[in-house]
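Presented below is the structure to which this report refers.
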Amino acid sequence: MSQIDIKSPKHCAKHGLNINKLYKKLFYIFSTFFFSLLSLIILIWLILHPTKPKFSLKEADIYQLNLSGSHLLNSSIQITLLSKNPNQKVGIYYDELHAYASYKGQQITVDTSLPPFYQGHEDSNLLTASLVGTGLPVAASFGYEVGRDQTAGKLVLNLKVDGRLRWKVGTWVSGRYRLNVNCVSVMDFGPTVPSGPLSSKQGTQCSTSV
């Protein structure tokens with residue numbers, strides 16, 4: 001005759017209680033580990049507190065800035081930027097960088113992509129880009145504004161870089177942050193058109209926001 005094992009309701013309740021205690025213990029362990037790791041990351045971030053990168057405009061040359069028709073612009077501009085990471089213990093990844101030129105609030109070249117790169121502690125990198133525009137629509141007052149600047153003897157351009165960056169601390173890499181760089185270039189622009197390109201080589205410091 002086979003033996004039938006019948007467990008009392010009290011025994012089942014005790015077994016279920018043990019499982020609940022195990023789940024609570026595991027939850028507590030994982031929660032403690034997660035918050036400890038998060039606190040460590042925040043602590044490292046606060047201690048290191050990365051400083052935003054610095055950019056300066058080393059050179060800008062305008063090879064073409066001509067109106068085709070009444071308000072279509074053809075442009076060709078060559079720029080050289082110096083990028084510096086001022087941090088001693090934080091590296092920087094630069095992603096999705098795009099450079100372009102603007103004049104009095106109007107974009108006068110198309111976006112030009114710059115290759116992504118990594119910048120080590122206190123490293124510097126030279127960035128060059130050829131900015132061009134063909135048949136870009138501009139305001140009807142564009143020619144008049146350029147003429148006024150030529151009479152004044154100065155042409156002011158904004159050379160901009162937009163993109164994303166990531167901070168690197170040891171093996172930890174942050175999420176992406178938006179990067180905006182604005183460089184102001186002031187060029188001599190007299191009444192006579194020069195034979196070569198309009199150039200600016202004064203090494204202007206650029207404004208940077210992250």
Side-chain angles (χ1 to χ4, degrees), residues 34-62 65 75-133 136 149 154-188 197-210:
F34 174 77
F35 284 113
S36 298
L37 181 62
L38 183 62
S39 299
L40 179 61
I41 292 173
I42 294 174
L43 181 61
I44 292 174
W45 179 264
L46 291 174
I47 292 174
L48 297 175
H49 193 61
T51 303
K52 62 186 179 182
K54 297 179 179 180
F55 285 80
S56 58
L57 178 65
K58 306 306 291 182
E59 186 174 356
D61 300 303
I62 300 178
L65 195 66
S75 58
S76 176
I77 303 171
Q78 182 79 23
I79 64 171
T80 301
L81 299 171
L82 177 66
S83 169
K84 179 175 176 58
N85 175 12
N87 297 285
Q88 296 181 353
K89 298 181 180 180
V90 181
I92 304 175
Y93 285 103
Y94 294 91
D95 304 315
E96 303 175 13
L97 297 179
H98 300 278
Y100 63 94
S102 68
Y103 173 76
K104 296 188 183 299
Q106 301 179 76
Q107 187 168 337
I108 59 173
T109 67
V110 297
D111 290 355
T112 298
S113 296
L114 300 175
F117 66 97
Y118 172 74
Q119 195 168 52
H121 310 158
E122 298 184 306
D123 278 355
S124 298
N125 297 82
L126 279 176
L127 309 175
T128 60
S130 296
L131 312 179
V132 297
L136 293 179
D149 285 350
K154 297 291 182 183
L155 182 70
V156 180
L157 289 183
N158 289 87
L159 304 164
K160 301 186 177 184
V161 177
D162 296 332
R164 307 276 180 161
L165 64 75
R166 292 171 292 156
W167 308 107
K168 182 177 184 294
V169 181
T171 58
W172 177 77
V173 179
S174 74
R176 292 183 176 182
Y177 291 82
R178 187 180 298 276
L179 170 70
N180 300 107
V181 180
N182 182 26
C183 308
V184 179
S185 175
V186 181
M187 303 179 180
D188 292 328
L198 292 177
S199 297
S200 171
K201 299 180 181 179
Q202 72 270 31
T204 306
Q205 192 69 31
C206 307
S207 62
T208 306
S209 61
V210 178

- Message: Using modelled atom types and a 3.5 Å cut-off, is there a donor and acceptor pairing between side-chain atoms of S174 and backbone atoms of W167?
- Response: yes
- Note on the structure: On a heavy-atom basis, the closest approach of P197 and D61 is CB-CB, 4.3 Å
- Test item: R166 and R176 side chains (from C-beta on) under 4.5 Å apart, heavy atoms: yes
- Message: Test of understanding: with ring-ring contact (aromatic ring centres under 6.0 Å, His included), list the residues that count as partners of Y100, not counting sequence neighbours.
- Response: none
- Query: Under the 3.5 angstrom rule, does the side chain of Q119 hit a backbone N or O of S83 as a donor-acceptor pair?
  - Reply: yes
- Query: Can you check whether N182's main-chain N or O pairs, donor with acceptor, with N158's side chain at less than 3.5 Å?
  - Reply: no
- Task: Return yes if some donor-acceptor pair links the side-chain N/O of T204 with the main-chain N/O of L57 below 3.5 Å, else return no.
- Result: no
- Task: List the atom of G91, the atom of Y118, and the distance in Å for their closest heavy-atom pair.
- Result: CA-OH, 3.5 Å
- Item | Electrostatic pair D149-K154, nearest N-O below 4.0 angstrom | no
- Starting from the C-alpha separation in whole Å, work towards a yes-or-no answer on side chain to side chain donor-acceptor pair (under 3.5 Å) for Q78 and S130. CA-CA 5 Å; Q78 182 79 23; S130 296; 2.6 Å; yes
- Query: Does the side chain of I77 come within less than 4.5 Å of L157's, by heavy atoms?
  - Reply: yes
- Task: May I ask you to decide if A129's main-chain N or O and T112's side chain share a donor-acceptor pair within less than 3.5 Å?
- Result: no
- Specify the closest pair of heavy atoms between V161 and A99, including all atoms of both residues, with the distance to one decimal. CG2-CB, 4.1 Å
- Note on the structure: Of all heavy-atom pairs linking K52 and P86, the shortest is O-CG, 3.6 Å
- Given V210, which of L165, I92, T51 fulfils the side-chain contact (heavy atoms from CB on, under 4.5 Å) condition? L165
- Message: Main chain of E59, side chain of T80: is a donor-acceptor contact present, judged purely on distance under 3.5 Å?
- Response: no
- Query: Are the side chain of Q205 and the backbone of F55 linked by a donor-acceptor contact shorter than 3.5 Å?
  - Reply: yes
- Check whether any side-chain N or O of N85 sits under 3.5 Å from a backbone N or O of G120 as a donor-acceptor pair, and report yes or no. yes
